[in-house]
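One structure below.
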Amino acid sequence: MKGWLPMETSIVKFSVSLTLLALIQMHGYQGCLEKERIGLLQLKSFFISISDSENKYNIPNSWVNDDPMSDCCDWERVKCNATTRRVTQLSLDILPQNKYNDFIDGSPLLNMSLLLPFEELQSLDLSFNLFEGVYKDKAYDSFGSLKQLKMLNLGYNLFNDSILPYLNTLTSLTTLILGGNNIDGSRTKQGLVNLRNLQVLDLTGNRISAGSVTRLGIANLTNLEALDIRGNRINGSVTRLGKQL
């Protein structure tokens, strides 16, 4: 009997290994998609790169790469579909800290290609990050991949009219928040004319004049239920579809 112990031990170890592998595979099936977990880690690295080295306290601590059993659907600032386990909501507001607050090095550019893995994303909050633009490389492809995006918050950044052509590709949007940016509408050809599903549009605190309202294509947004344009350069009222705004 003693001669069989090594073989029995090997069989037991092999069985345990198979059990652990099955559990990991089961957990992976129930957890978030691997490419989205990797995508979140790349987003974390991006925000760290544009943050002051001594002020990273808003960077999500739960986004870790050293625990293969960590389900990214349980990570802070992330929400997933309960059935598909695909990421549907990302709250990436107020992440970079201090590095660009004095504007000495300029403000950061948003790398939209980092969002390519999140094909079922429905809600994205990127407010209060001091972004002044986007990297043009693959920008249209990146915006165009967000075919299910319903809510986008870009409030309180430094975007100007150059962001509008990219936003105009997000035809599934129902809510768009652009308050607190540098948009004036004077340098846009189409504005937001393609966003015909838009119901809520926040343009507060920009540099929009009465003439720019027309160039922004707001009159074409026939499903619009709420429009806020306070804090701009508009004297008097603006009329859209026979209604005063």
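Below, each value reflects all heavy atoms present in this structure, side chains not excepted, and no hydrogens, waters or symmetry copies.
Asn168 places a side-chain N or O within donor-acceptor distance of the main-chain N or O of Val193, the cut-off being under 3.5 Å. Checked by atom type and distance alone, the side chain of Ser172 pairs as donor or acceptor with a backbone atom of Lys147 at under 3.5 Å.
By the side chain to side chain contact (heavy atoms under 4.5 Å, CB included) test, Ser123 pairs with Gln89, Met151, sequence neighbours left out. For Ser45, there are no side chain to side chain contact (heavy atoms under 4.5 Å, CB included) partners at least two apart in sequence or on another chain. Contacts of Thr214 classified as side chain to side chain donor-acceptor pair (under 3.5 Å), with partners at least two apart in sequence or in another chain: none. Judged as a side chain to side chain donor-acceptor pair (under 3.5 Å), and not counting sequence neighbours, the contacts of Asn65 are Arg37. Remark: Asp93 pairs with Arg77 by the salt bridge (charged side-chain N to carboxylate O under 4.0 Å, His left out) rule, at least two apart or across chains. Checked against salt bridge (charged side-chain N to carboxylate O under 4.0 Å, His left out), Lys35 has the following partners two or more places apart in sequence or in another chain: Glu119. In terms of the side chain to side chain donor-acceptor pair (under 3.5 Å) criterion, Thr169 has no residue partners (sequence neighbours excluded). Legend: residues meeting salt bridge (charged side-chain N to carboxylate O under 4.0 Å, His left out) with Arg215, ordered by chain and number and at least two apart, are absent. For the side chain to side chain donor-acceptor pair (under 3.5 Å) test, no residue two or more places apart in sequence or in another chain qualifies with Asn197. A search for salt bridge (charged side-chain N to carboxylate O under 4.0 Å, His left out) contacts involving Asp228 returns Arg230, not counting sequence neighbours.
In this structure, the side chains of Phe159 and Asn182 stay at 4.5 Å or more apart for every pair of heavy atoms. Annotation: side chain of Leu109 is not in contact with side chain of Val134 (no heavy-atom distance under 4.5 Å). Considering only heavy atoms from C-beta on, Thr171 stays 4.5 Å or farther from Arg196 through its side chain. The shortest distance between side-chain heavy atoms of Asn223 and Leu198 does not fall below 4.5 Å. Considering only heavy atoms from C-beta on, Leu40 comes within 4.5 Å of Leu90 through its side chain. At a threshold of 4.5 Å between non-hydrogen side-chain atoms, the residues Phe143 and Ile163 count as touching. Side-chain atoms of Leu41 and Leu43, non-hydrogen and from C-beta on, never get closer than 4.5 Å to each other.
Heavy-atom minimum distance, Asn206 versus Ile183: OD1-N, 3.0 Å.
Looking only at atom types and distance, the side chain of Ser70 has no donor-acceptor partner in the side chain of Trp63 under 3.5 Å away. A donor-acceptor pair shorter than 3.5 Å cannot be found between the side chains of Thr88 and Gln122. Checking Ser212 against Ser209 by side-chain atom types alone, a donor-acceptor pair falls below 3.5 Å.
Across the pair Cys72 and Cys32, the gap between the SG atoms, which is the quantity tested here, stays under 2.5 Å.
Asp184 and Arg233 are not joined by a salt bridge, as no carboxylate oxygen comes within less than 4.0 angstrom of a charged side-chain nitrogen.
Of the candidates Leu110, Leu126, Asn153, Leu126 is the only one forming a side chain to side chain contact (heavy atoms under 4.5 Å, CB included) with Leu92.
Sorted by first and then second residue, the side-chain hydrogen bond (donor to acceptor under 3.5 Å, both in side chains) pairs involving residues 156-166 (not counting sequence neighbours) are Asn160-Ser162. Evaluation of the side-chain hydrogen bond (donor to acceptor under 3.5 Å, both in side chains) test over residues 127-138, restricted to residues two or more places apart or in two chains, returns Asp125-Ser127.
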